[in-house]
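The structure appears below as structure tokens.
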Amino acid sequence: MPSSVSLSTQVAGVVLPSCIYNASGPLCSHEDELHVIGQSASGAILSKSATREKRMGNEEPRYVDTGWGSINSMGLPNEGYLYYARFAQQAVAYDKPYFMSVSGLSLEDNVHIIRELEPFEHIAGIELNLSCPNVPGKPQTGYDFEQSRRTLEAVFPVCKQPLGVKLPPYFDIPHFQMMAEVLNDFPLAFVTCVNSIGNGLVIDLDSEQVLIRPKHGFGGIGGDYIKPTALANVRQFYTLLDKNVAIIGCGGVRSGEDAFEHILCGASAVQIGTQFMREGTACFERIAGELKNIMAKKGYSCLEDFKGRLKTLDG
Ligand code: OXC
């Protein structure tokens, strides 16, 4: 592996030794899993999205790998925010930042959780999840621009750590612009693009059945299917947001090539979800090695050499 190539990056004012790390969701709900991420080549440790109270989540089966990607309707199973806040002290043992994902079930819950995180100084940043598609009866905040604004207006005054948001995928140019207008009014440290594409349906032809039990089979789609959508969202927000907001790419990354494309679109770091679930922590080292090889072949020594430099055909 070329040693002159560096994958180090900065998010929320802290250095990540590698720009490749885990997405919130798979294999990051329990302390033992978080330690395994800490011991791996992952550039950071990111927790499962935490709610105010512990949750069991939706009925099983609720996650299926389809080969080309995944469908899930986990429904935010997690240990409650204090569990993940307390882990911050243990994460100090690893030479990488610890980020906590927060997904309160209401605006009040988000304010409460974020206020209570104040004393946990080892949390390098909070990823506020505005986009879980899997809680029955709870719309995705990120698709409601006014509610997104109200949420950010309420949480920023009580937030002591750097704060970023995880967005749902958008599909229409005016929607990118409307969300960017909201986000540019707040001192966000980073924006993660994208959560799963909500409420897809995957069907088994033989049994003529859906694959997962919750919500009559509707669930969030991740993996290969969503890479073009994820790249488009990274590119749009990289272009539209203030330049000091780091964009974190998430969606369809299974190789160094995929990670390279996210960075070319403007990502400062890249999260791995479906492929991490499939391969475990080995994916971080493998993808980092593949990315370094591509960079070395192209003569790039650091992310800044190509980050955001996507070319279009109009000169
Ligand atoms: N996105 C989330 O934000 N959360 C999980 N699934 C998903 O696709 C979940 O827990 O349902």
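Remember, it's 1-based here, ligands and their atoms both numbered in the order they're listed.
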Before accepting this row, confirm whether a basic side-chain N of the pair K307/E304 lies closer than 4.0 Å to the acidic partner's carboxylate O. yes
Contact residues of ligand 1 (heavy atom under 4.0 Å), by chain and number: K48, N72, M74, G75, L76, P77, N129, C132, P133, N134, N195, S196
Taking side-chain contact (heavy atoms from CB on, under 4.5 Å) as the test, write out the residues that go with V14, two or more places apart. L16, P97, F99, A124
Just wondering, do N134 and N58 contact through their side chains at under 4.5 Å, heavy atoms? yes
Should the ring pair Y170 and Y143 be called parallel, tilted or perpendicular, given that the plane angle runs from 0 to 90° and is split at 30 and 60? perpendicular
Quick one: are the ring centres of F284 and Y21 less than 6.0 Å apart? no
Counting neighbours of NZ on K311 that are heavy atoms of other residues, nucleotides or ligands and sit closer than 6.0 Å, is the number greater than 12? no
